[in-house]
Amino acid sequence: MTTYRIPEIAQKYLDYDMIQKHTDLPLFPDYRTRLLYAFLNRHSVLAGYSELYSLVTSLVQVGLDTHDQVSVNSDIKEQKAARSRQLKVLAGDYFSSRFYHLLSLAGRIDLIGVLSEAICEANRLKMNLYLAMKGAELTAEEYLRQTVEVKSELYLSFSGLLENGAGGVWPRLLKLFTRCEVLLQEIVRSESSQQYRDSWGFWHVQQFGTRDEQKLLRQEESDPAKLRALWLKYKVASQLYGQLESCMSELQTAIQGLESEPLRQELKSIGEPIRRYLSAPRATQEV
């Protein structure tokens with residue numbers, strides 16, 4: 001069994017001076033990628049391609065996530081912001097295109113079709129989410145559910161390639177790991193007034209807040225202090241922590257039910273950073 005080193009290999013394609021200098025890239029999808037690698041590495045036929053398949057899937061995901069960061073406002077006057085926007089578009093295209101190249105070189109043309117269909121489906125799900133956001137029709141839980149769906153789709157496409165036993169548990173484990181990952185990111189967003197728009201906290205306050213509070217959310221440039229006060233009032237961070245704890249408990253139960261002891265231990269190892277995060281002391285002003 002080979003050592004997991006996908007993030008290091010991916011840096012060869014992600015680490016470009018021009019991109020690093022002028023724009024920020026999304027987080028590497030490590031939980032999902034490591035989970036995929038763990039399952040493929042135990043496949044009787046695909047084990048030899050576990051590194052390649054996990055790598056190309058992660059690069060496509062980074063490409064999709066990079067495009068998600070592109071501002072919808074194309075009329076950007078400030079040169080630095082305009083350059084960052086242009087590079088996000090180009091970088092997303094470049095990362096996504098690497099899977100064609102790498103799979104073609106390896107002669108694994110079959111997976112190109114699988115991932116291409118998954119990209120189309122992920123974009124369809126993403127469009128549904130954007131339309132719901134635009135129409136202000138989302139609850140916080142619906143936002144979370146649809147976000148998990150979007151972020152799971154590429155990896156979910158491997159369900160049909162995994163062997164019988166693994167294929168049966170794959171969708172549930174993928175969903176739980178992805179939900180934990182999204183909740184972690186939402187906790188970080190809840191601590192920054194710069195990332196509040198269209199976050200879980202945003203939709204939670206939109207759902208339960210007063211009309212004046214909802215109006216404050218919709219302002220182009222809201223007062224950070226007032227936003228922080230809203231997040232404290234509606235206990236956004238503590239509710240996200242509670243959901244993460246619940247999701248992690250469900251994930252641990254699902255892992256414990258696996259028949260393979262080596263797989264159980266590896267998946268526990270993948271989830272260990274989440275467990276440590278939850279067990280660490282945390283300061284909160286919420287009462």
Side-chain angles (χ1 to χ4, degrees), residues 4 6-7 10 26-43 46-47 49-65 68 99 111 114-126 128-129 141-186 200 243-260 262-275 277-278:
Y4 174 76
I6 307 302
L27 294 173
F28 186 80
D30 199 46
Y31 288 108
R32 283 164 283 164
T33 303
R34 192 174 169 189
L35 183 67
L36 176 61
Y37 179 81
F39 273 81
L40 290 176
N41 217 17
R42 287 169 172 76
H43 196 286
L46 300 179
Y49 299 99
S50 57
E51 197 167 79
L52 172 65
Y53 284 10
S54 301
L55 172 65
V56 297
T57 306
S58 69
L59 290 175
V60 175
Q61 187 65 62
V62 172
L64 294 176
D65 292 343
D68 287 345
F99 89 94
L111 192 63
V114 172
L115 284 177
S116 296
E117 288 183 11
I119 291 170
C120 291
E121 180 61 14
N123 284 328
R124 186 190 69 81
L125 293 170
K126 195 180 302 179
N128 289 342
L129 176 57
E141 178 53 37
E142 186 63 17
Y143 159 79
L144 183 61
R145 185 191 68 79
Q146 289 195 41
T147 300
V148 170
E149 273 192 349
V150 170
K151 291 184 176 295
S152 302
E153 186 58 36
L154 281 182
Y155 295 82
L156 190 62
S157 66
F158 284 86
S159 298
L161 300 180
L162 297 175
E163 291 167 317
N164 291 335
V169 298
W170 171 249
R172 184 186 179 204
L173 287 168
L174 174 62
K175 177 183 176 182
L176 289 171
F177 265 108
T178 307
R179 186 177 175 92
C180 284
E181 182 182 354
V182 171
L183 286 166
L184 278 169
Q185 293 171 1
E186 290 296 325
W200 186 91
Q243 290 196 58
L244 181 57
E245 288 170 344
S246 176
C247 187
M248 189 59 187
S249 175
E250 189 176 349
L251 176 58
Q252 289 173 327
T253 299
I255 292 174
Q256 199 57 40
L258 295 174
E259 294 182 3
S260 169
L263 183 59
R264 278 204 304 269
Q265 292 306 316
E266 183 159 3
L267 298 198
K268 285 180 181 178
S269 176
I270 296 173
E272 180 60 17
I274 305 173
R275 191 197 65 77
Y277 181 86
L278 286 170

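Atom set for the values below is all heavy atoms of this structure, side chains included, hydrogens, waters and symmetry mates excluded.
Under the 4.0 Å criterion applied to side-chain N and carboxylate O atoms, Arg145 and Glu149 are assigned as salt-bridge partners. A salt bridge links Glu181 with Arg32: the distance from a Lys NZ or Arg NE/NH1/NH2 to an Asp or Glu carboxylate oxygen falls below 4.0 Å. Ion pair Glu51/Arg34 not flagged as a salt bridge, since none of the NZ, NE, NH1 or NH2 atoms sits closer than 4.0 Å to an Asp/Glu carboxylate oxygen. A salt bridge links Arg42 with Glu266: the closest approach of a Lys/Arg side-chain nitrogen to an acidic carboxylate oxygen falls below 4.0 angstrom.
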Test side-chain contact (heavy atoms from CB on, under 4.5 Å) applied to Thr178 and Tyr31, step by step
CA-CA 7 Å; Thr178 307; Tyr31 288 108; over 6 Å; no

Apply side-chain contact (heavy atoms from CB on, under 4.5 Å) to residues Asp30 and Ile6 and explain how you reach the verdict.
CA-CA 8 Å; Asp30 199 46; Ile6 307 302; over 6 Å; no

Walk me through it: do Lys268 and Gln256 pass the test side-chain contact (heavy atoms from CB on, under 4.5 Å)?
CA-CA 9 Å; Lys268 285 180 181 178; Gln256 199 57 40; 3.2 Å; yes

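Under a 3.5 Å cut-off, the side chain of Arg264 and the backbone N or O of Ile255 do not form any donor-acceptor pair. Put simply, the side chain of Thr57 gets close to the backbone of Tyr53: a donor and an acceptor are under 3.5 Å apart. Checked by atom type and distance alone, the side chain of Asn41 never pairs as donor or acceptor with a backbone atom of Tyr37 at under 3.5 Å. With Ser50 contributing its side chain and Leu46 its backbone, the two residues share no donor-acceptor pair below 3.5 Å. Listed for the His43 side chain is a donor-acceptor partner under 3.5 Å among the backbone atoms of Leu161.
Between Ile274 and Leu184, the shortest heavy-atom contact is CG1-CD1, 3.9 Å. Between Val62 and Pro29, the closest heavy-atom pair is CG2-CD, 3.7 Å. Taking all atoms of both residues into account, the shortest heavy-atom contact from Gly271 to Met248 is O-CE, 3.3 Å.
Here the side chains of Lys151 and Gln146 are not in contact, with every heavy-atom distance at 4.5 Å or above. Using a 4.5 Å heavy-atom threshold, the side chains of Leu173 and Leu258 count as touching. Proximity of Val60 to Leu64: side-chain heavy atoms (C-beta onward) are separated by under 4.5 Å at one or more points. Arg172 is listed as a side-chain neighbour of Glu250, based on a closest heavy-atom distance under 4.5 Å. Ile119 places a side-chain heavy atom less than 4.5 Å from the side chain of Phe99. Within the 4.5 Å cutoff, the side chain of Trp200 has no heavy atoms near those of the Thr147 side chain. Between Phe177 and Val148, the closest side-chain pair of non-hydrogen atoms is not below 4.5 Å. Within the 4.5 Å cutoff, the side chain of Tyr49 has no heavy atoms near those of the Ser54 side chain.
Residue Leu278 holds its CG atom at 5.5 Å from CD of Glu245, rounded to the nearest 0.5 Å. Interatomic distance, CD of Glu186 versus CG of Leu244, reported as 11.5 Å (0.5 Å rounding). Note: Ser58 OG to Leu55 CG = 5.0 Å, rounded to the nearest 0.5 Å. Of the inter-residue distances, the one linking Arg275 atom CZ with Cys180 atom SG reads 13.5 Å to the nearest 0.5 angstrom. Taken to the nearest 0.5 Å, the CG atom of Leu251 stands 12.0 Å off from the CZ atom of Arg179. Between the CG atom in Leu174 and the CG atom in Leu36 there is a gap of 8.5 Å [rounded to 0.5 Å].
No more than 12 heavy-atom neighbours from other residues, nucleotides or ligands sit within 6.0 angstrom of NZ on Lys175. Within a 6.0 Å sphere centred on CD of Glu259, heavy atoms belonging to other residues, nucleotides or ligands number 12 at most.
Among Phe39, Phe158, Tyr155, the single residue meeting the ring pair (Phe, Tyr, Trp, His ring centres under 6.0 Å) criterion with Trp170 is Phe39.
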